[in-house]
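Below you'll find the structure, written out as structure tokens, and then a few comments.
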Amino acid sequence: MRLLVCALLVCGGCYQVDAVAQNPAPQSLVDDWRDEIIYQLVTDRFADGDPNNDQSVDRSGLALARYQGGDFQGILEHLDYLEALGVTAIWISPVTRTVEEDAGVAGYHGYWPQDFGRTNPHFGDLAGLRELVGACHQRRIKVILDIVVNHIGQLFYYDINLNGRPDETVIGTGSAGPLGAPGGAPVGHVTEFDPDFDPRGVQAATALGPAGPAPIRWLYEPAIDRMPPQPALFQNPDFYHRKGRIIDYSDRMQVLEGDFPGGLKDLATERRDVRDALVQAYAYWMDAADFDGFRIDTAKHVEPEFFEYFSQKLREHAAARGKRNFFLFGEVFDGDDAFVGSYSQNGRLDSLLYFPHKFRVIDAVFKASGPTREIQRLYQERALHYGAAAAPGGIGLAPRDALVHFLDDHDVPRFRFDQPSAPALENALAYLFTTDGIPCLYYGTEQEFAGGNDPANRERLWSTGFASGGQTFRTIQTLIALRKQHVALRRGDLTIRWVTDHVGTEEDAGVYAFERATAEERVLVALSVSDTQRSHTSLAGAAMPTGFPPGATLRTVYPDQNETVTVDGAGRVVVELPPRVTKVLVRAP
Amino acid sequence: MVAWRAVTTLLLAALIGEGFDFGSYGRVGVASDLDGGPGVATNVVAHGSRLEEAPYLELDLYYARSVAPGASWRMVSSIAFGQNLPHTTGLFDQNVALRNLYLQTDGVLHPSLSLWVGSRMYRGDDIYLFDYWPLDNLNTVGAGAIWRSTRWELALHVGANRLDDAYQFQTVEQPAPGGGAPIEVVNLDRQRLIESARASWLGAGYKAVLYTELHEIGQGILTQPDRTQERLPDDYGFVLGGQLGLWGPGRFLNLWLRWAGGLAAYGELAVPFAVGADKRAADARELVGALALGHDWRRLGLLVGGYARRFEAAQPGPFSLARFVELMVAARPHLFLSQYFGVAGELSVQRRDADGLDPVTGRPATSDVLKLTAMPAVVTLAPGVLGRPQLLVVYTASLLDQGARTQLARTDARLDAAVIHYLGVQAEWWFNSAYR
């Protein structure tokens, strides 16, 4: 009947839906994740391609805590922009249905899951998502999905006073002020949405005293999608720790079992049924849209052992469907390198967002022009803290060789917020694209965005008109092209050649130099993080050793190609470094 | 040869003599789902069976007067009541509308010329079984001119409508100039202007119609709740179509073809529910092929209706539930056992194939409904399958496929029912009606 009707009405679209009606055939587009350049984008903020899903959108572009209108169609329409920049993979914010709004803030970011199996209608539907991933794959752009395993959105409350209604009350009058009385009870705020952590589990209480564990009650507000979670098995109260909000981040148990701020209810990920439910939920997305990897949100708040099960199951699933090198990397938002690294042991995760590096190198060294010796310290710690062997069925790389390096992301102020210097940004970018690991660029960096903390760092990209002629855009283009051109910059071993504690007017102030080398190629990168000092890779007459042979002539390939230096007879070389300049040198032919 | 002018003059004279006259169209009934609830319509297409429609009444009041031989004028008013009946809600809250309020002159300025001004349901022929006008069905306040010759007729019309929707109309609160309570100020008020032209050729037992519409709406500014302003662009639409009608004693056949674009594809009394990246409906398209057939034999009657419709909402991207093909076919045989009593049945099939995925199943959104209707008692008080008034008992079994079921709410009692029942009694009438 369909054929007849279509023939009669000469409809061109009848069979197009077949292209997205089935799970796409898995494509394994990655040989080595170190070859990839990841571009992190917030789906709601990249491009608004479809005005029909712009309900409740902020049209002024000023209220960044509300939906702005970006969607799958918008990303699809601007793949040329991403290709021009040179990135090879995109990491998109969670696509599943979330609570629409909570406490006046919209769930545009996707980190408040309500339905693990449906797309957020603000972004588009499953067909649109498949179309986007398919189009990316046609251009060999990989797509990494951001996923949440730690919590669900604010979908239930603790019925502390057992009245069947979510209450927020103020208790006590204190002993000061117009309402105070001598010896008055301290003023307190009790909210059944988000009560303080209680290791026993949130307790019910009435005026007469304790009343046992507080039951949880699912909320039912369809207007803002604050509905019981889906699939229905997530409506089992035992799936949650039910201990209330984290109030002491130094208490590891709270971090693991407490509700994330904002009333995000913590999943009891130590339970086998919870683990299986999460595996099932995300295996579905692996099949439904053929993602190339997952970035796992709030991994810090999930016990590391969870990932030994979760990752194994997903890897098995990927293998069963013929998908190679499915990438699993997590967010452990912490500066403790040993702690972060623990998530990469025992095959837990292929990689991690390198937060210790972000704090101790990007912020302390590149932003603040701190001692570059800190880079070396952290590099040396890496060998102790991060997995030295590839996870079975993983990406074939040891986690310590595949850490995801970044300057900033959606959870921290942008680089330029507290370091507005353009040369400083270029300096840091040059480092990012020449050091080891996997570089990750937060959207908008190429447009010189300078937003502060969330949501100011989640600006609309389309306000820029996707201009590609700006200085930073072209710099990134050049650096990415350089990285692609030189396998040593992607896969080479890293050897640190010069670090310093000097940050003032010393001759090597701010200098950091390293080499990347494969059997076929060697690249020298020398940079200065000093804002004022002209430095060089030498101190008191002692020049920098290199792995290049004595007498070799080195030519800069970045930032320009006019400069040469010669390695002396002792295998040492002096590279002159103006303030905030990075030089990349290869052996001249 | 039928003299067209004579026919119309006779019809008008028959329809409305001098002075006041009255007409009506109405349908009313009650039904059960055989599970304690009311019988409800279950359709997946835009125009389903008339048998499951809600109560509706039009009261037509006319006044006509001759001013000279062959020249006359008439006033036509139609008040319509829809949906709620006090006996089903306990409330006196009928929806009421003035669907016709116009004055028409015939033969005043010229023997062949009629002129009208007013609010008018301005439409052609329908598919009775679906209560659907596949080619032309305008509801505007406007004016028109109809020129009739012996064998042809040309009707021109221009009118406007404006929905009470933020798409076309908005008031905002502003401080009163003299202080005090804030005042409501019209912030947005844009009419949709529609022009139509209809050329008909009439012969012995046939007519051929060519038809066109143009729609325009101007730009405007909508103020959002947060006081930001959204620019609404101008927009337009069109319809091109035609009809071939054949008839003879006790039988008729109408065939229609309609091609619409832009605003007109959504219908003239509708807000475009999807727009393109430029916020215009310009890329929307609708293509409809339809037929209606009726035949009366001595004791048997048959009504057949069907349409196939391709609709494409104006929206970026090819995959959408708002892009679909739908098909509706129904046949209603009627056996007259005596002059006034008979039995009838109806078989209908409806299908919608969308260019998108069902949000529940993730599979292509196709849905089918098969309806089997028995009317074991039909009292018809005028001859023929379209004879009215009519009283009838109706039972419909609707069979929904999985795709149709997924469109029901998760808590809908019909979700798990193998068959959805509709058992009821109905009455329908029309006389002297502006409807027919």
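Proteins come first, then strands; the chains are lettered A, B, ... in the order of their sequence lines, and each starts at number 1.
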Quiz item: If you look at every heavy atom in A/Val17 and B/Ala354, which pair is closest and at what distance?
Solution: CG1-O, 4.0 Å
Practice problem: Determine the minimum heavy-atom distance between A/Ala21 and B/Leu357, stating which atoms define it. | Solution: CA-CD2, 3.7 Å
Exercise. Give, as side chain, backbone, both or neither, the part of B/Gln315 having an atom under 4.5 angstrom from any heavy atom of chain A.
Key: both
Quiz item: Of all heavy-atom pairs between A/Glu131 and B/Pro318, which one has the smallest distance, and what is that distance?
Solution: OE2-CD, 3.4 Å
Exercise. May I ask you to check whether over 12 heavy atoms, not counting those of A/Gln27, lie within 6.0 Å of atom CD?
Key: yes
Quiz item: Is atom CZ of B/Arg363 surrounded by more than 12 heavy atoms (other residues, nucleotides or ligands) closer than 6.0 Å?
Solution: no
Self-check item: Heavy-atom pair count under 4.5 Å with chain B, highest-scoring of A/Thr119, A/Leu76, A/Val20, A/Leu62
Solution: A/Val20
Self-check item: Whether over 12 other heavy atoms sit under 6.0 Å from B/Tyr236 OH
Solution: no
Self-check item: Structural part of A/Gln22 lying under 4.5 Å from a heavy atom of chain B
Solution: neither
Self-check item: Under 4.5 Å from any heavy atom of chain A - which part of B/Phe324
Solution: neither
Quiz prompt | CH2 (A/Trp462) with more than 12 external heavy atoms under 6.0 Å | solution = yes
Quiz prompt | Stepwise side-chain contact (heavy atoms from CB on, under 4.5 Å) check, A/Asp58 with B/Gln224 | solution = CA-CA 9 Å; A/Asp58 162 49; B/Gln224 295 292 339; over 6 Å; no
Self-check item: Nearest non-hydrogen partners of A/Pro51 and B/Ala277, listed with the distance
Solution: CD-CA, 3.8 Å
Quiz item: Most heavy-atom pairs under 4.5 angstrom with chain A, which of B/Glu230, B/Lys279, B/Arg323?
Solution: B/Glu230
Practice problem: Taking all non-hydrogen atoms of both residues into account, name the closest pair between B/Pro316 and A/Glu77 and its distance. | Solution: CB-OE2, 4.2 Å
Quiz item: Between A/Asn52 and B/Val275, is there a donor-acceptor pair closer than 3.5 Å when you use the side chain of the first and the backbone of the second?
Solution: yes
Quiz item: Checking heavy atoms, do the side chain of B/Ala314, its backbone, both or neither come under 4.5 Å from chain A?
Solution: backbone
Self-check item: Check ion pair B/Asp226-A/Arg59 (N to O, under 4.0 angstrom)
Solution: no
